[in-house]
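Input: a single structure, listed below in structure tokens.
This one's a predicted model, so the numbers in the text were calculated from it and none came from an experiment. Position 1 is the first residue of the sequence, and the numbers go up from there.
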Amino acid sequence: MKVTSDRANDDYRLRDSSEAVTRTDETGTSKPVDPDRQADFTRAVESSQARQGRSGSLLKHVERLGLPDASDPSLYSNERSIELLQHVVDNLLPRLDAASDVTDLASQLLTEEIDQRLTWEARYAEEAKESDT
């Protein structure tokens, strides 16, 4: 079953407050809608559409609320990244349900990354010490 509209979408009425909009009450008679209330409704709809366009869906908004606040710069330090990589090598890789050759290769790669970061950190410290003197 296909649902189709038998009339054109006339949403222009919401944007044009000069046109009288009518409503039907319980008795079935039509009464004009107060232009101020119509304008308030139009502003509310436009505001809602603008908010939805800016912030995305409700699901994305909820996902953003669940993300940690990354205001602490130490979270991005080289020392912290080395600690995290070492934690993965020591604690997470051994628990993975994967072939041992895969976990061994991942461990080797992460260990190489840790070594490169330690080397970089040593060079950075040496350069900082030379520039202070």
Should we say atom CD of Glu121 is surrounded by more than 12 heavy atoms from elsewhere, each under 6.0 Å from it?
yes
Can I get a per-line list of side-chain donor-acceptor pairs under 3.5 Å for residues 111-120, giving both atom names and the distance, sequence neighbours left out?
| from | atom 1 | to | atom 2 | distance (Å) |
| --- | --- | --- | --- | --- |
| Thr111 | OG1 | Ser107 | O | 2.7 |
| Glu113 | OE2 | Arg117 | NE | 2.7 |
| Glu113 | OE2 | Arg117 | NH2 | 3.3 |
| Arg117 | NH1 | Ser81 | OG | 2.6 |
| Thr119 | OG1 | Asp115 | O | 2.9 |

Leu109 side, atom CG; Leu105 side, atom CG - distance, nearest 0.5 Å:
4.5 Å
Kindly check if the number of other-residue, nucleotide or ligand heavy atoms within 6.0 Å of CG (Asp97) is above 12?
no
Interatomic distance, Asn78 atom CG to Glu83 atom CD [nearest 0.5 angstrom]
10.5 Å
Between Asp40 and Arg43, is there a salt bridge with N-O shorter than 4.0 Å?
yes
Hydrophobic clusters here meaning ILVMFWY residues chained together by side-chain heavy-atom distances under 4.5 Å, can you tell me if Leu92 and Leu96 are in one?
yes
Might you point out which heavy atoms bring Thr103 and Ala98 nearest each other, and give the distance in Å?
CG2-CB, 4.1 Å
Residue pair Leu93 / Leu110, side-chain heavy-atom distance below 4.5 Å:
yes
Rounded to the nearest 0.5 Å, what's the gap from OH on Tyr124 to NZ on Lys129? Could you check?
15.0 Å
Check: Arg123 and Glu126 side chains under 4.5 Å, non-hydrogen atoms:
no
